[in-house]
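A short write-up of the structure that comes next.
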Number of protein chains: 2
Amino acid sequence: MKHINIKDLALELNLSVSTVSKALNDSYEISEETKNRVLETAARLNYVPNPYASSLRGRKSKNIGVVIPEVADSFFSLAINGIESVAKTKGYHVLICLTHESFENERTILKEFQGGRVDGVLLSVSTETTQCDHINDLIANGLPLVFFDRACDEVETAKITTDDFESAYKATTHLIQQKADRIAFLSISKSLSISNKRLEGYLKALEDHDIKADQKYIIDCSNDAEQNYLLIKKLLQQKNKPNGIIASVEKLTTPIYTACKDLEMKVPEELKIVCFSNLEIATILNPSLTTITQPAFEMGKMAATLLFKALENRNFSLVKEDFMIQSALVVRDSSG
Amino acid sequence: MKHINIKDLALELNLSVSTVSKALNDSYEISEETKNRVLETAARLNYVPNPYASSLRGRKSKNIGVVIPEVADSFFSLAINGIESVAKTKGYHVLICLTHESFENERTILKEFQGGRVDGVLLSVSTETTQCDHINDLIANGLPLVFFDRACDEVETAKITTDDFESAYKATTHLIQQKADRIAFLSISKSLSISNKRLEGYLKALEDHDIKADQKYIIDCSNDAEQNYLLIKKLLQQKNKPNGIIASVEKLTTPIYTACKDLEMKVPEELKIVCFSNLEIATILNPSLTTITQPAFEMGKMAATLLFKALENRNFSLVKEDFMIQSALVVRDSSG
DNA sequence: ATGAAAGCGCTAACAG
DNA sequence: CTGTTAGCGCTTTCAT
């Protein structure tokens, strides 16, 4: 089966290419009858337009780029679902690019996007990203960009985030109310804005409850699971070991639970745990895990909706379009 | 910053467009000196080629399509990582399209791909897919396609699968050896080839151990978590309730554990569990979950590698390029 | 070693 | 209402 194009269609129909094009695009210039004929023949010959040819002609690629650190993470995979749900209604496709938490990768991807592969970008920055020239370049080049979850404060564009400060504050307060007084905080990045805000919320809660923050309870985790396991184990073995722990990111759940099991620490009696996590499976852990759950699907959806607003209306400015959505503290047995 | 194209570059360099193009593509016709000048200016002006313009000119879109039921699933997200790892080395991008287990969606996506949006396709079919004309159409249209995990037997093209029959057989045998004699099997689709092979492996293992299969132990699950929970609960409440259970798909883990908890069934004493699952978190469930783990990353990688072979060499035929990789039965406490 | 020109598939002025 | 034509950015003969 040869691939059929608009010229073939025109030939078959004894019409000009432009008439066919207009009919296909439901132009008011074309008679109903012709439209029907064209549509019918197109269907019969299995005509599928080449999106990139339209793209070239000044229109859109009809692709949006989604740049994230990782897919194997329930926050991001749910967010993708949200993004995809709106892209679909707009006839757009989603190009997913993974940075694997590498700044270099992130820069390369955004650079490449400037060639016109995508019409707009949804971005959640890598843990390594400390400066944002590559992002500003992209925007200067005319590509609308919306951050979701992990944003760069310095870049002036729309951001969909959650109340990281407040939710960490709430989680910490919750642990304090559960009688934890030596609470550890596991961070993933010193530069990431969300990580810092969570840390600040934690610190403020301690302060408000007259608990002195202690550096030894604040741990910088890495991207390496084994390494993190060792760090956490060490944390839980020291003198004055913590009796509460807050993990600022989902992937720390496994090392924490594993360490507790290996050290035979009783949860929640000896250690109360809260994780930032969207894992559905939190409910069936034993003890079930208290989580801060972000509205991942909703966030993806909102970010995409905003991006399409900008795409559809060049006058719509993304600057100052910041939305902060609430996360939920879901109390379960691990902090009980 | 205006977007710069090859014409701007040529103007700046006092060269013709074609010379610049050739220099950029490292043609033997161009002198080293000119190449260097061009490359340097391109870098300075931040020139990024438009992939779709090249695409139009008879080359490639440099996109591959990955069509899967769902991203929020550890098998698929790990497979995506594998796919992406090879796409990246080839300078390709990955367009991820979700069917959400709907045949209609799957058909629409594949149809759309025929317009040239992607150069090749990696597919894992939906649970609803019972006939494969849409896939054959795509292939007939000249797009190479490789199945991974969930394939259609009737379509003649490369398939990367796992030993579904054997692993279900192994899992069942394992449960029998653990003294389970009423073993339930949870299926997700009556049409899906992998689901059926798993079912057959289960049935064969029962037969080989002189256990009579019983329809009431074979459950067809749906796409709806709540529904599945109820089905499982009912299964576990009947007279002669099973003392072993095999779930053919990861997402059934939560409903199973939840049902056990709600019914206060002791695992593994009263019920031994095995799930087909790539959840990292299997280790920290309580009891830790015995799984059949598929080499998801590897499978994605192999599927992509095969696809690129076909893309790079039009003579390379994907027919008969079938690979079956072994899954691992990882015994943990839930079947202990 | 370099350049002119055609054309990939499509859309959009502009004419008729 | 329909057709002619130019051109989107790029590659690729075919000259020079």
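Letters A, B, ... are given to chains in the order of the sequence lines, protein chains preceding strands, and every chain is numbered from 1.
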Review point. Who pairs with B:T19 by side-chain contact (heavy atoms from CB on, under 4.5 Å), at least two apart in sequence or on another chain?
Key: B:L15, B:S16, B:I30, B:T34
**Study point:** Test side-chain contact (heavy atoms from CB on, under 4.5 Å) applied to A:T157 - qualifying residues, sequence neighbours left out
**Key:** A:I139, A:L145, A:F147, A:V155, A:L318
Point to revise | For atom CG of B:D8 and atom C1' of D:dC10, their distance in whole Å | key: 13 Å
Point to revise | Rounded interatomic separation in angstrom, taking NZ from B:K60 and C1' from D:dC10 | key: 16 Å
When you compare the side chain of [Y] with that of [X], does any pair of heavy atoms fall below 4.5 Å?
X      : Y      : answer
B:T127 : B:P69  : no
A:S77  : B:F76  : no
B:T89  : B:F308 : no

Review point. Counting only non-hydrogen atoms, which of residues 29-38 of chain B are less than 4.0 Å from DNA chain D?
Key: none
Check your understanding: Residues from residues 14-26 of chain B sitting under 4.0 Å of DNA chain D, heavy atoms only?
Key -> B:V17, B:S18, B:S21, B:K22, B:N25
Point to revise | B:D8 (side chain) donor-acceptor with B:N5 (main chain) under 3.5 angstrom | key: yes
Review point. Would you find a donor on one side and an acceptor on the other, under 3.5 Å apart, between the side chain of A:S61 and the backbone of A:R117?
Key: yes
Review point. Looking only at heavy atoms, which two atoms of B:G300 and B:I83 are closest? And how far apart?
Key: O-CG1, 3.4 Å
Practice item. Identify, with sequence neighbours excluded, every residue that meets salt bridge (charged side-chain N to carboxylate O under 4.0 Å, His left out) alongside A:E12. Key: A:R44
Exercise for review: From the options B:E101, B:E128, B:E106, select the one residue that forms a salt bridge (charged side-chain N to carboxylate O under 4.0 Å, His left out) with B:R150.
Suggested key: B:E101
Below 3.5 Å between N/O atoms, which protein atoms pair up with nucleotides 6-9 of chain D? Just atom names and distances, please.
unit_1, atom_1, unit_2, atom_2, d
D:dG7, N2, A:R57, NE, 2.4
D:dG7, N3, A:R57, NE, 3.3
D:dC8, O2, A:R57, N, 3.1
D:dG9, OP2, B:N5, ND2, 3.3
D:dG9, N2, B:A53, O, 3.1

